[in-house]
There are 2 protein chains.
Amino acid sequence: MSIRDLARHLNISIGTVSRALNGRSDVNPETRRRVFEAAAAIGYVPNQSGRSLRQGTTNSIGFVVETNSETSLYGDTFFTSVYAGVQQVFARHHLDLIVLLCPFDQDPLEHLRRVVSRRFVDGLFISAIQRRDPRIDHLIESEIPFMALGRSLSGGTHPWIDLDFAGVAHASIHRLVERGHRRIGLVTAGSELNLGYVFADGYREALAAEGLSFDPDLVIRAETSEMGGYDAVDRLLKLPERPTAVLLVNEIMAIGVYRRLHEAGLTPGRDMAVIGFRDSPQSRFLSPPLTCFRIELSGLGRRLAEGLLATMPAYRDQHPIGLVQEIWPMHLVAGESDPPLR
Amino acid sequence: MSIRDLARHLNISIGTVSRALNGRSDVNPETRRRVFEAAAAIGYVPNQSGRSLRQGTTNSIGFVVETNSETSLYGDTFFTSVYAGVQQVFARHHLDLIVLLCPFDQDPLEHLRRVVSRRFVDGLFISAIQRRDPRIDHLIESEIPFMALGRSLSGGTHPWIDLDFAGVAHASIHRLVERGHRRIGLVTAGSELNLGYVFADGYREALAAEGLSFDPDLVIRAETSEMGGYDAVDRLLKLPERPTAVLLVNEIMAIGVYRRLHEAGLTPGRDMAVIGFRDSPQSRFLSPPLTCFRIELSGLGRRLAEGLLATMPAYRDQHPIGLVQEIWPMHLVAGESDPPLR
DNA sequence: AAGAGCGTCGTAAACGTTTACGACAACACA
DNA sequence: TGTGTTGTCGTAAACGTTTACGACGCTCTT
């Protein structure tokens with residue numbers, strides 16, 4: 001079932017059929033109508049390989065995700081919502097979004113190399129950005145359009161959108177101080193994820209802004225999992241002078257944090273205030289509900305898509321925005337895990 | 001950077017280069033060595049579109065996932081581990097696994113039609129199998145190799161692997177009865193997911209096997225989310241005669257279940273026994289830890305991959321297993337959420 | 001009436017790869 | 001020496017599509 005069959009069936013040339021289907025102007029409207037009608041009737045759909053080969057483009061964009069729990073900060077609902085936003089924008093351009101999984105036993109750079117060299121996709125999203133991320137250098141060098149969810153230390157001239165972890169740290173510290181806390185712990189990502197550093201830097205700055213001193217003992221770098229949160233609190237509880245509040249880099253950790261507090265006979269919120277990132281059904285269903293930060297995820301997805309398309313020649317004119325390098329805001333959702341200090 | 005450039009660089013024909021790279025036997029070992037060496041030196045990688053066009057195959061397999069929360073029973077770690085298993089097998093065959101997202105505002109059948117007709121992949125995995133699933137009929141009709149994670153009512157001659165929800169129901173009921181429970185509730189999937197029905201049927205059979213009567217009031221069909229679990233318990237608590245134990249179709253619900261019990265001044269486990277599916281870090285970190293069922297997920301992934309390859313002519317001889325239609329076992333992990341009834 | 005302009009269409013090359021087929025040399029065997 | 005076999009390689013067609021180019025007929029202008 002090729003374009004040749006369709007052309008024969010209509011008694012016209014394959015060139016005309018192709019032009020009709022691709023919406024070119026030099027084809028009679030009546031002819032175009034007949035072509036579409038016949039295509040639908042006999043169920044013709046263009047072969048993607050042939051099309052790709054000819055025009056050097058695949059009409060699909062890849063979202064690279066790490067399956068390694070060390071580098072994946074977010075739960076499932078996070079990416080699902082982001083994907084939805086991306087797809088909303090892509091649908092208008094007949095672009096497909098596909099998810100490319102980096103096997104956990106493979107080096108992410110190696111995996112990316114493979115994806116890029118195969119020319120499997122026209123563009124890429126990458127996430128789980130490391131502090132110094134060789135993937136970014138490789139992508140820039142290979143000249144493939146891409147968008148980073150998160151920024152690295154090197155910066156560069158590629159598009160990125162980063163979540164406002166510094167803002168979260170500031171808002172959290174300010175709120176906790178207002179509620180009487182003076183000794184506030186931080187549990188941040190222990191991996192080389194850049195956001196772990198951004199979060200820690202924001203924490204330190206926020207302490208300074210509130211006139212509080214910085215105690216390195218209160219900063220725990222942990223795995224971003226239930227167990228990571230558990231271990232982190234374990235260490236905080238062993239300090240000679242415990243913090244009265246703690247800030248978490250993600251909400252998965254909160255589960256372990258609550259658990260460890262319970263085991264120590266303490267009540268989350270009452271005996272130790274907890275603020276976490278991010279708002280999710282899980283956060284809301286914890287007891288007490290976690291005070292955390294909400295992200296407009298599908299909006300983020302849409303913006304990511306726009307930012308990527310803006311760098312692609314074929315779509316640039318439809319997205320006349322400059323280089324997207326933005327901080328995505330998050331909004332505090334008050335729970336009951338950080339009541340005023342008695 | 002095409003095969004032509006590589007051939008010119010080596011002063012041999014492109015046919016020989018292609019045969020050398022593809023491991024055919026009719027090429028001098030010394031020539032083959034030179035070809036591989038030169039390819040690595042100048043960084044040549046075969047163009048996938050050209051290859052696909054010629055041999056009508058894409059060397060990649062798609063895993064279709066629903067982003068709709070109504071039909072997605074499992075959390076993130078579930079699929080991540082399954083993917084890992086699939087990739088282990090695929091790596092040996094130079095096959096790529098890509099995830100194809102069905103946009104939540106699109107009909108899954110429509111989405112699948114598009115994927116299939118574009119010939120984007122050589123084979124497919126589908127999950128979230130409905131009781132009667134038109135996708136399966138379409139896949140059979142279109143003659144594309146596929147493997148279903150879950151089985152539908154229609155059966156048919158396609159390969160599938162289904163989790164042993166009936167076995168879970170039996171084992172759970174048996175255990176609860178042993179521990180003194182006589183009135184046991186069930187919270188199953190409210191959508192048209194077939195496993196929701198399989199689970200309910202297993203529950204009913206297990207009750208009969210234990211000589212207990214079936215009370216339709218004790219069966220709640222709910223959304224497979226935190227809120228779904230919450231609402232389900234809410235209804236169970238309103239019954240004139242409360243159950244002393246409850247069975248959950250997934251562990252996300254358990255979060256809502258625990259929460260609702262707490263709000264009613266009840267303690268999960270002590271005042272109402274809870275057994276859930278499935279074992280995950282979350283289940284373990286609940287208080288009390290959830291008694292649930294563990295699945296060997298990467299093994300499941302490997303078996304899914306083998307079962308798919310067994311139906312594909314190009315790989316069949318390397319996987320001489322028949323049609324895979326199997327029930328995948330799950331093993332009870334004792335938590336503390338179902339102590340003996342006082 | 002001749003030429004320009006326009007709308008519509010067919011022709012054929014090109015994208016990069018694989019593979020059927022045949023060519024050729026070297027060698028073994030009768 | 002002639003025939004067959006084997007190992008190695010080149011040639012060219014084919015996959016399905018897009019698109020540059022030119023052809024053709026029609027209308028409009030001067």
Side-chain angles (χ1 to χ4, degrees), chain A residues 1-36 38-39 42-60 94-96 116-122 313-314, chain B residues 1-36 38-39 42-60 93-96 114 116-122 313-314:
Chain A
M1 177 55 61
S2 76
I3 199 174
R4 219 172 305 264
D5 302 321
L6 184 55
R8 246 196 301 272
H9 186 257
L10 284 164
N11 261 329
I12 57 181
S13 77
I14 65 171
T16 303
V17 173
S18 175
R19 283 195 302 270
L21 292 174
N22 290 2
R24 302 205 101 76
S25 60
D26 56 347
V27 48
N28 189 306
E30 168 61 15
T31 308
R32 186 191 311 275
R33 197 193 53 75
R34 285 179 52 224
V35 169
F36 271 102
I42 66 178
Y44 165 79
V45 281
N47 178 296
Q48 185 57 46
S49 301
R51 175 175 283 180
S52 296
L53 180 57
R54 167 61 213 228
Q55 51 188 22
T57 184
T58 65
N59 288 326
S60 56
H94 300 285
L95 276 171
D96 282 323
V116 170
S117 65
R118 295 274 299 272
R119 294 264 162 241
F120 203 71
V121 290
D122 296 340
Chain B
M1 176 56 61
S2 75
I3 200 174
R4 219 172 304 266
D5 302 322
L6 185 54
R8 247 196 300 269
H9 185 256
L10 284 164
N11 261 330
I12 56 182
S13 77
I14 64 172
T16 303
V17 174
S18 175
R19 282 194 303 270
L21 291 175
N22 289 2
R24 303 205 100 77
S25 60
D26 56 346
V27 48
N28 190 306
E30 168 61 15
T31 308
R32 186 191 310 277
R33 197 193 54 75
R34 286 178 51 223
V35 169
F36 272 102
I42 67 178
Y44 165 79
V45 279
N47 178 297
Q48 185 57 47
S49 301
R51 175 174 286 180
S52 298
L53 179 57
R54 169 61 215 232
Q55 52 188 22
T57 186
T58 64
N59 288 325
S60 55
H93 300 278
H94 299 286
L95 276 171
D96 281 323
R114 210 176 112 74
V116 170
S117 66
R118 295 274 298 272
R119 295 265 162 240
F120 203 70
V121 289
D122 297 339

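Quick note: numbers below take in every heavy atom, side chains included, and nothing from hydrogens, waters or symmetry partners. Residue numbers start from 1 in every chain, and the chains themselves are labelled A, B, ... in the order their sequence lines are given, proteins ahead of strands.
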Rounded to the Å, how far apart are B/Ile14 CD1 and C/dT18 C1'? 9 Å

Counting only side-chain N and O atoms of A/Ser13, is one of them less than 4.0 Å from OP1 or OP2 of C/dT11? no

Please report the end-to-end axis angle for the helix from C/dA1-D/dT30 to C/dA30-D/dT1, five pairs per end, rounded to 10 degrees. 60°

Mark yes or no for a side-chain to base donor-acceptor pair under 3.5 Å between A/Arg54 and C/dG16, with no hydrogen or angle criteria applied. no

Which residues satisfy the side chain to side chain donor-acceptor pair (under 3.5 Å) test with B/Asp96, sequence neighbours excluded? A/Arg114, A/Arg118

Please compare A/Gly15 and A/Pro29 by the position of their nearest nucleotide in DNA chain C and report the one closer to 5'. A/Pro29

Taking salt bridge (charged side-chain N to carboxylate O under 4.0 Å, His left out) as the definition, give me every residue that meets it alongside B/Arg34, ordered by chain and number, with sequence neighbours left out. none

I want to confirm an ordering. Mapping B/Arg19 and A/Gln48 to their closest nucleotides on DNA chain D, which one lands closer to the 5' end? B/Arg19

Nearest-Å distance, CE (A/Met1) to C1' (D/dG16)? 13 Å

The correct set of residues in residues 2-12 of chain B placing a heavy atom under 4.0 Å from DNA chain D is B/Ile12

Is the phosphate of C/dG7, meaning OP1 or OP2, less than 4.0 Å from a side-chain N or O of A/Asn28? no

Can you check whether A/Ile3 reaches A/Ser18 side chain to side chain, under 4.5 Å on heavy atoms? yes

Under a 3.5 Å distance rule, please check whether B/Ser52 uses its side chain to pair with a backbone N or O of B/Thr57 as donor and acceptor. yes

Please name the pair of heavy atoms, one in A/Arg32 and one in A/Gly23, separated by the smallest distance, quoted to 0.1 Å. NH1-CA, 3.3 Å

Of the non-hydrogen atoms in B/Tyr44 and B/Met1, which two are nearest, and what is the gap between them? CD1-O, 3.7 Å

Should the heavy atoms of other residues, nucleotides or ligands under 6.0 Å from NE2 of B/His93 be counted, would the total exceed 12? yes

Taking atom P of D/dT18 as reference, at what distance in whole Å does atom CG of A/Asn59 sit? 10 Å

Sequence neighbours excluded, which residues qualify as side chain to side chain donor-acceptor pair (under 3.5 Å) partners of B/Thr31? none

Atom CG of B/Asn22 to atom P of C/dG16: distance rounded to whole Å? 17 Å

Expressed in angstrom and rounded to an integer, what is the separation of A/Leu53 atom CG from D/dT18 atom P? 11 Å

Calculate the interatomic distance between A/Asp26 atom CG and C/dG10 atom P; express it in whole Å. 12 Å

Whole angstrom is fine here: how far is it from CZ in B/Arg24 over to P in D/dG10? 16 Å

Mark yes or no for a side-chain to base donor-acceptor pair under 3.5 Å between A/Arg51 and D/dT17, with no hydrogen or angle criteria applied. no

Residues that B/Asp122 engages under salt bridge (charged side-chain N to carboxylate O under 4.0 Å, His left out), provided they are two or more places apart: none

Between A/Arg51 and A/Asn59, is any pair of side-chain heavy atoms under 4.5 Å apart? yes

Can you tell me the distance, in whole Å, between the CG atom of A/Leu21 and the C1' atom of D/dT17? 11 Å

Does a side-chain N or O from A/Ser18 land closer than 4.0 Å to OP1 or OP2 of D/dT17, or not? no

Please determine whether a side-chain nitrogen or oxygen atom of B/Thr31 lies at a distance below 4.0 Å from atom OP1 or OP2 of D/dC9. yes

Is B/Asn47 close enough to C/dT17 that one of its side-chain N or O atoms is under 4.0 Å from OP1 or OP2 there? no

